[in-house]
Amino acid sequence: MKAIITVVGKDKTGIVAGVSAKIAELGLNIDDISQTVLDEFFTMMAVVSSDEKQDFTALRGEFEAFGNQLNVKINIQSAAIFDAMHNL
């Protein structure tokens, strides 16, 4: 399983650490990661993977709840969606 995680919100200390810890807690591996601060807004994109099949509905719920704790918006999407868009 491969997925794309995006994080957007007002910049503050600890966002990368928190999201990375949550990714590990959920049994996902970070394959690639990019983050930047645009003006005062933090943005991050990470490609994550797992050898095991994952329940995307459960993952979305976990990341949404965790994003609320950090006061950021976290979204996860299957990489298969992007693969399919580029194969049309």
Side-chain angles (χ1 to χ4, degrees):
M1 184 277 315
K2 190 169 271 214
I4 311 298
I5 294 175
T6 56
V7 182
V8 178
K10 189 104 165 156
D11 188 34
K12 68 178 183 176
T13 302
I15 298 173
V16 174
V19 174
S20 297
K22 188 65 172 179
I23 288 169
E25 176 189 314
L26 294 172
L28 303 172
N29 183 59
I30 298 173
D31 298 331
D32 200 359
I33 189 169
S34 174
Q35 67 86 35
T36 191
V37 177
L38 301 171
D39 197 9
E40 69 220 35
F41 295 97
F42 174 87
T43 62
M44 182 176 104
M45 179 180 271
V47 178
V48 299
S49 64
S50 174
D51 290 336
E52 299 175 15
K53 187 173 179 165
Q54 298 283 337
D55 177 354
F56 271 90
T57 302
L59 288 174
R60 275 190 203 97
E62 289 278 347
F63 282 117
E64 183 177 325
F66 188 68
N68 289 338
Q69 290 177 15
L70 285 179
N71 213 22
V72 297
K73 174 72 174 163
I74 304 175
N75 190 34
I76 184 168
Q77 298 177 66
S78 172
I81 293 169
F82 296 97
D83 291 339
M85 287 187 325
H86 288 99
N87 288 327
L88 289 178

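One is the number of the first residue; the rest follow in order along the sequence. As a basis for the values below, the full set of heavy atoms in this structure was taken, side chains included, without hydrogen atoms, waters or symmetry mates.
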Could you grab the distance from atom [atom1] of [X] to atom [atom2] of [Y], nearest 0.5 Å is fine?
X	Y	atom1	atom2	result
S50	D31	OG	CG	10.0 Å
S20	E25	OG	CD	12.5 Å
I23	I30	CD1	CD1	4.0 Å

Item to complete: Kindly state each residue pair satisfying salt bridge (Lys or Arg N to Asp or Glu O under 4.0 Å) with at least one member in residues 67-77, sequence neighbours excluded.
Response: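 Pairs touching residues 67-77 that pass the test: none.
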
What donor-acceptor contacts under 3.5 angstrom involve side-chain atoms of residues 1-18, with partners at least two apart or in another chain?
{"unit_1": "K10", "atom_1": "NZ", "unit_2": "E40", "atom_2": "OE2", "d": "2.8"}
{"unit_1": "K12", "atom_1": "NZ", "unit_2": "L70", "atom_2": "O", "d": "2.8"}

All N/O donor-acceptor pairs, side-chain side in residues 55-65, below 3.5 Å, sequence neighbours left out:
{"unit_1": "D55", "atom_1": "OD1", "unit_2": "T57", "atom_2": "N", "d": "3.0"}
{"unit_1": "D55", "atom_1": "OD1", "unit_2": "A58", "atom_2": "N", "d": "3.3"}
{"unit_1": "R60", "atom_1": "NE", "unit_2": "I76", "atom_2": "O", "d": "3.4"}
{"unit_1": "E62", "atom_1": "OE1", "unit_2": "K22", "atom_2": "NZ", "d": "3.0"}

Practice prompt. Considering non-hydrogen atoms only, spot the tightest contact between V19 and F66 and give its length.
Written response: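 Smallest heavy-atom distance, with atoms named: N-CE2, 3.9 Å.
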
Fill in: Side chain to side chain, N29 and V48, heavy atoms closer than 4.5 Å
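In short, these two side chains do not touch, never coming nearer than 4.5 Å.
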
Practice prompt. Show the numbers, then the answer: is there a side chain to side chain contact (heavy atoms under 4.5 Å, CB included) between T43 and Q35?
Written response: CA-CA 6 Å; T43 62; Q35 67 86 35; over 6 Å; no

